[in-house]
Amino acid sequence: MTSLDTDWATAAALDAADPLASLRDEFELPPPPLGADDAVYFVGNSLGPLPKRARAYINDEIDQWARLGVHGHFAGSSGWVDYHERLVDSMASLVGGLPHEVVIMNSLTVNLHLLMVSFYRPTAKRHKILIEEHAFPSDHFAVESQIRLHGHDPAASLVTIGPKPGAEVIEPEDLIAAIDATGGELAMVLLPGVQYYTGQVMPMPEVVAAARRVGATVGFDLAHAAGNIELSLHEWGADFAAWCSYKYMNASPGGVSGIWVHERHVSDRELPKLLGWWGTRLETRFEMRNEFDPPDSADSWQISNGTALPMAALRASLEVFEKAGGMGPLREKSLKLTGYLQFLLDELVGDRVESITPREPERRGCQLSLRVTADGLTGREIFDRIETAGVSCDWRHPDVIRVAPAPLFNSFTDVRRFVEILDQATSPSAAT
Ligand SMILES: Cc1ncc(COP(=O)(O)O)c(C=O)c1O
């Protein structure tokens with residue numbers, strides 16, 4: 001990015017040359033707060049904005065409910081009974097899975113539990129789970145409770161790996177070394193695809209290879225990876241993954257989650273699972289028999305009937321991803337957008353900001369996690385100033401501001417505006 005300039009004209013030129021720029025019109029972006037000239041929505045890593053077409057699609061389902069009542073379940077191509085099947089190809093392509101490896105159901109932590117029922121099967125010798133030291137708390141709790149559920153003690157069975165002392169991110173070789181060192185005692189590895197706090201992309205293919213080499217199962221929490229970076233789940237060959245759809249996938253607050261289970265497991269009838277009627281084949285489900293008759297697909301992990309309204313929001317968002325041409329073009333823009341942000345921060349804000357996200361583009365997604373300082377102001381005060389000036393971003397305890405320029409709806413001008421606001425909020429006169 002050496003030929004870039006810091007002026008506003010460069011931002012405008014980059015927007016004019018951006019083949020995905022028009023996708024911004026697909027979204028309703030929150031307006032600026034009172035007193036701010038413009039809004040910058042940099043928090044799609046927490047809750048993606050509303051895709052405009054979601055209003056219509058959700059309304060369609062509401063109308064169908066009003067018109068058909070219960071018969072809406074079986075309204076042919078718009079019936080709710082197999083709604084998720086209409087979304088699964090598109091969802092699978094975003095995570096690099098095969099359609100029969102993917103299903104859309106429940107929420108993320110619930111799904112992690114259901115998948116651990118299948119893929120965490122400790123024995124007296126092999127009972128350990130490896131996670132990161134600063135795993136998202138929900139993952140940490142889920143793993144601890146799974147260990148206890150099997151009669152083990154997290155003090156003995158939970159292995160955590162963190163950055164080296166004084167470092168911010170985990171070095172890939174340390175991760176692999178921890179897997180190797182736990183060896184025959186390691187039952188399962190559960191890691192994020194992208195770390196929520198630092199924005200670090202985890203070395204997923206290498207982790208899969210290492211875990212499988214020592215005989216452990218391996219799964220990924222893709223909350224911050226799905227819709228953010230390119231994924232090749234099938235090719236990498238992990239056992240399972242789960243993600244939410246409300247972050248980079250813009251599919252409504254608490255929106256429905258996705259799971260992926262490798263093809264080699266989908267027809268394994270011996271794998272333990274928590275069962276429900278929705279895990280049986282649709283063809284026989286309504287015969288109300290008591291023999292579990294699962295399909296040879298990830299659908300057999302379903303328990304309850306699907307949620308049509310959140311899926312309608314997801315349908316809207318997935319269509320926008322398709323319009324973008326999928327993750328390839330989006331990642332290409334994302335690398336430019338976040339690279340431009342890094343460049344402007346270096347040039348204009350300098351040592352008042354420290355990014356704890358890896359600098360190498362391939363080791364990060366959209367997000368930069370920033371520690372900011374200014375004489376006489378705390379990081380939290382700077383964050384409040386940025387928000388007041390019209391930037392939606394987020395504060396993560398203890399001292400990080402996360403900003404995530406998302407290629408679906410953010411522009412280079414957004415990035416330029418954010419840096420201007422950050423520069424003003426941290427400049428020597430800001431505290432007065
Ligand atoms: C990495 C990660 N894992 C798990 C969760 C929990 O998701 P849910 O509340 O949908 O179960 C989140 C939520 O933000 C997350 O960021």
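Excluded from the calculations below are hydrogen atoms, water molecules and symmetry mates; all remaining heavy atoms, backbone and side chain alike, are included. In each ligand, atom 1 is the first atom listed, and ligand 1 is the first ligand listed. Keep in mind the model is a prediction, meaning the values are calculated, not measured. We count residues from 1, following the sequence as given.
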**OP:** Establish, from distance only, whether the side-chain atoms of T307 and W80 form a donor-acceptor pair under 3.5 Å.
**Re:** no
Under 3.5 Å, sequence neighbours excluded: what are the donor-acceptor pairs made by side chains of residues 348-355?
unit_1 : atom_1 : unit_2 : atom_2 : d
R352   : NE     : V349   : O      : 3.4
R352   : NH1    : D423   : O      : 3.2
R352   : NH1    : D423   : OD1    : 3.0
R352   : NH1    : T426   : OG1    : 3.0
R352   : NH2    : L348   : O      : 3.0
R352   : NH2    : D423   : OD1    : 3.0
S355   : OG     : T357   : N      : 3.2

Subject >> Short side-chain donor-acceptor distance under 3.5 Å, E319 and Y57 >> reply: yes
Original post:
In terms of the angle between their ring planes, are Y248 and H224 parallel, tilted or perpendicular, with boundaries placed at 30° and 60°?
Top reply: perpendicular
Is there any protein N/O under 3.5 Å from an N/O of ligand 1, and what does the full list of such pairs look like?
unit_1   : atom_1 : unit_2 : atom_2 : d
ligand 1 : 3 (N)  : D139   : OD1    : 3.1
ligand 1 : 3 (N)  : D221   : OD2    : 2.6
ligand 1 : 7 (O)  : Y246   : OH     : 3.0
ligand 1 : 10 (O) : Y246   : OH     : 2.6
ligand 1 : 11 (O) : T109   : N      : 2.9
ligand 1 : 11 (O) : T109   : OG1    : 2.5
ligand 1 : 14 (O) : K247   : NZ     : 2.8
ligand 1 : 16 (O) : H224   : NE2    : 3.1

**OP:** Give a yes-or-no answer on whether the side chains of H265 and D239 include a donor-acceptor pair shorter than 3.5 Å.
**Re:** yes
**OP:** Taking only Lys NZ, Arg NE, NH1 and NH2, and the carboxylate oxygens of Asp or Glu, determine whether E185 and K128 approach each other closer than 4.0 Å.
**Re:** yes
